[in-house]
Amino acid sequence: MTLPREVVVGNETLLLVGDICGRLGFSESAFVVTGPETQHVAGGRVIDLLHDRGMNVDHLVVASSTMWDVRAVEERIQELKPQVVLGIGGGTKIDVAKLSSARQGIPFISIPTTASHDGIASPVASVKGLSKPYSVVAQSPMAIVADTSIIIQSDYRFTASGCGDTVAKFTAVRDWELAHKAKNEYYGEYAASLALMSARLVMKNADVIKPRMEEGLRVVLEALISCGVAMSIAGSSRPCSGSEHLFSHALDLIAPNTAMHGEKCGVGTIMMAYLYETDWKGIKATLQKAGAPTTAEELGVETESVVEALVRAGAIRPERYTILEEKELSYDSAEKLARVTGVID
Ligand SMILES: [Zn+2]
């Protein structure tokens, strides 16, 4: 297993990027992948910081996260042969940097500007244009630098979405346990506990997860990073992605470009927790406190799309055994499930 060697979360931590690169042995060259907006928020500052240390720094601004973007970054990596790739931005920029650097065998540093999902620290990446609608294994970041003074300025909706991706671990871990019992799938108790602990911390601290509240933002960031580490330990997304993620992926196909990943996962978690007869109300209350969506309306999707996504979720990733195999949903039972949990009315 490969784990991040440096993780810093806090105010003005961006200033530490140069020192961190130095400690990791990257003192000559770096390649920065950033987005059009994040270039101004953080990308430019990082490039200056590394230049000041006498490093050769090139960068590419990517506007989307498709395989086309990944290949464009790969070409630059082949041409420039940097010692390290830094992904600076929201989830999509980080995914492009992570996957392209992994495919070229170059280490990667993650510098998130939002707290929207656990991809900021995980070894998996999700980009458009892959043959599958879910994440693929790429590589773990060698370091994660999460500057709360930058992230707190992002739209709060991202952080609320990050809460949804964290509470998802309540059902993801249950699905993993189930797969272990039913299919003798490998189950790592340490990775499972770490993912679960993150979800519990977000639930416990939901009252302070609010716009412009650094304390709450830190809780979400630390939880997301721990989830990323849990995946590195497990060597797959198993501890962090179960039936609730399958629901989210199905919704991506049925109602594309609607809600954010974590928002959909959060709503999925409420319903999957109901199937597990566990504390779905507590999960829903956590999401409500954090200001994350709990209904189809808040997700901006039609009632029918939610029902359809529930029915189709189980077939998204056939090798991933979840509660949806044990409790197969028909249109009728899916509608009932969405109704009884208040996702639709
Ligand atoms: Zn996720």
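In listed order, ligands and their atoms are each counted from 1. Only heavy atoms go into these numbers, but all of them, side chains included; no hydrogens, no water, no symmetry mates. These numbers were taken from a predicted model, which means no experiment stands behind them.
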(request) Determine the sole option in Lys128, Lys264, His261 for which the side chain to side chain donor-acceptor pair (under 3.5 Å) test with Asp252 is passed. (result)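 Exactly one candidate clears the test, Lys264.
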
(request) Identify, by name, the N, O or S atom of Asp165 lying closest to the Zn ion (ligand 1). (result) OD1

(message) Restricting to N, O or S atoms, which atom of His261 is closest to the Zn ion (ligand 1)?
(response)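 Of the nitrogen, oxygen and sulfur atoms in His261, the Zn ion (ligand 1) lies nearest to NE2.
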
(message) Just checking: Cys265, one of its N/O/S atoms, less than 2.8 Å away from the Zn ion (ligand 1), yes or no?
(response)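 Under 2.8 Å: Cys265 has no N, O or S contact with the Zn ion (ligand 1).
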
(request) Using a cut-off of strictly less than 2.8 Å, determine whether Asp118 has an N/O/S atom near the Zn ion (ligand 1). (result)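 For Asp118, the answer is no, given that no N, O or S atom comes within less than 2.8 Å of the Zn ion (ligand 1).
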
(request) Taking side chain to side chain contact (heavy atoms under 4.5 Å, CB included) as the test, write out the residues that go with Leu15, two or more places apart. (result) Glu12, Arg45, Leu49

(request) Report the residue from Lys181, Glu177, Arg238 that forms a side-chain contact (heavy atoms from CB on, under 4.5 Å) with Tyr187. (result) Glu177

(message) Run the ring-ring contact (aromatic ring centres under 6.0 Å, His included) test against His59 and tell me which residues pass, sequence neighbours left out.
(response) none

